[in-house]
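Structure, as structure tokens:
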Amino acid sequence: MAHRWKNDLTYADVTAETVWLNRRQAIAGALGAGAMATIGGPALAEDLKPNSWKDITTYNNYYEFGTGKNDPAKYAHKLNTKDWSIEVDGLVNAPGRYSVADLTSDLTEEERIYRFRCVEAWSMVVPWNGFELKDILDKVGVKPDAKYVAFQTALRPDEMPGVRYSVLDWPYREGLRLDEAMHPLTMMATGIYGKTIPNQNGAPIRLVVPWKYGFKSIKSIVRITLTDKEPVTSWNMANRGEYGFYSNVNPNVDHPRWSQATERQIGGGLFAKRVPTKMLNGYEEEAGVLYAGSDLNALF
Ligand SMILES: Nc1nc2c(c(=O)[nH]1)N[C@H]1C(S)=C(S)[C@@H](COP(=O)(O)O)O[C@H]1N2
Ligand SMILES: [Mo]
């Protein structure tokens with residue numbers, strides 16, 4: 001039961017988005033709705049329709065390349081993702097500098113179609129490829145006194161035109177509680193639509209935590225630190241009252257400057273109706289267990 005939403009189908013060999021979608025429909029048709037539910041589990045059973053490649057790769061937040069939604073698509077090609085390494089340190093048994101391949105090569109790559117909800121109240125559906133963060137952490141061996149995981153994005157002024165502006169305290173930093181990091185829905189993505197993840201989406205490897213606001217899903221990770229203290233995070237440092245450490249998607253708790261009750265679906269067109277936002281972005285059944293005993297409306 002624990003892994004019931006795992007999708008054991010991969011589309012890594014499919015290149016075109018239309019082929020990918022047709023193949024999904026063909027598979028859904030062949031297996032029938034019941035079979036798809038077994039593969040996808042409750043979170044995926046509604047058979048979410050992913051946004052287009054174009055939506056996903058041209059409407060981005062990646063402030064290291066500028067604050068405009070199209071800036072990352074325009075400038076992120078400057079980021080050199082070759083020979084990328086991740087420093088893993090803190091409370092781990094095997095600290096060190098790892099290549100992405102070192103961390104992932106013997107792990108099971110999966111496809112996960114997740115809702116993605118930005119704190120700015122827009123949303124998409126993204127077909128990610130990647131790995132459970134838990135499998136990566138198990139590989140380096142988390143020490144028993146670790147309680148949190150801290151993440152850092154690369155900071156390369158020569159390649160990132162946006163970092164000369166102090167909109168955020170660079171490098172971009174994020175963090176999770178250890179149990180959130182170990183949750184089977186939490187993944188490290190290296191692909192979208194079966195293709196290598198584009199730079200603007202966080203190449204070569206980025207976090208994806210589908211029940212939290214998008215800013216928690218930190219891109220282009222160069223450092224992972226296991227720690228016993230709640231990590232500082234860039235958005236929390238920028239505005240303590242607006243961006244909490246937890247930042248779980250919650251339609252009942254408004255941002256101080258706008259409502260979080262509804263969202264605008266990217267790709268829906270200019271006159272599309274906003275849709276209601278779901279508690280924990282629709283992943284309450286899976287991720288709610290992390291917050292059992294705490295009031296989700298108070299956990300900021
Ligand atoms: N390093 C870094 N990671 C980041 C951001 C950023 O500006 N820098 N933006 C965050 C925000 S606000 C969102 S909504 C998502 C956007 O991911 P996407 O562009 O793949 O949709 O990335 C998050 N991760
Ligand atoms: Mo965001």
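For ligands, and for the atoms within them, numbers begin at 1 and follow the listed sequence.
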May I ask you to decide whether [X] forms a salt bridge with [Y], counting only side-chain N to carboxylate O separations under 4.0 Å?
| X | Y | value |
| --- | --- | --- |
| D106 | K139 | yes |
| E110 | R112 | yes |
| D145 | K143 | no |

Of all the non-hydrogen atoms in the protein, which one sits nearest to [atom], and at what distance?
| atom | value |
| --- | --- |
| atom 9 (N) of ligand 1 | N61 O, 3.2 Å |
| atom 7 (O) of ligand 1 | Y63 N, 2.7 Å |
| atom 24 (N) of ligand 1 | S217 O, 3.0 Å |
| atom 8 (N) of ligand 1 | E64 OE1, 2.8 Å |
| atom 19 (O) of ligand 1 | K219 NZ, 2.7 Å |
| atom 6 (C) of ligand 1 | Y172 CE1, 3.2 Å |

List every atom of ligand 1 that sits less than 4.0 Å from any heavy atom of C118, numbering the atoms from 1 in the order shown and giving each element.
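This gives 14 (S) as the contact atoms.
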
Ligand-residue contact atoms, ligand 1 with N60, heavy atoms, under 4.0 Å:
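Answer, ordered by atom number: 18 (P), 19 (O), 20 (O).
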
Side chain, backbone, both or neither: [X] near ligand 1, heavy atoms under 4.0 Å:
| X | value |
| --- | --- |
| R206 | side chain |
| F116 | side chain |
| Y62 | both |

Would you check whether W235 reaches within less than 4.0 Å of ligand 1, judged by its heavy atoms?
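No; W235 lies far enough from ligand 1 that no heavy-atom distance drops under 4.0 Å.
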
Under 3.5 Å, is there a donor-acceptor pair linking the side chains of E284 and Y291?
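Short answer, no.
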
Please work out whether the ring planes of F245 and Y148 are parallel, tilted or perpendicular, with thresholds of 30° and 60°.
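Geometry flag for Y148 against F245: perpendicular rings.
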
Option from L91, L137, T186 for which side-chain contact (heavy atoms from CB on, under 4.5 Å) with V149 holds:
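Result: among L91, L137, T186, L137 is the only option passing the side-chain contact (heavy atoms from CB on, under 4.5 Å) with V149.
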
Between W235 and Y213, ring centroids under 6.0 Å:
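W235 vs Y213: aromatic centres not under 6.0 Å.
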
Would you confirm whether the ring centroid of Y165 sits within less than 6.0 angstrom of the ring centroid of Y63?
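No, the ring of Y63 stays outside the 6.0 Å limit from the ring of Y165, centre to centre.
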
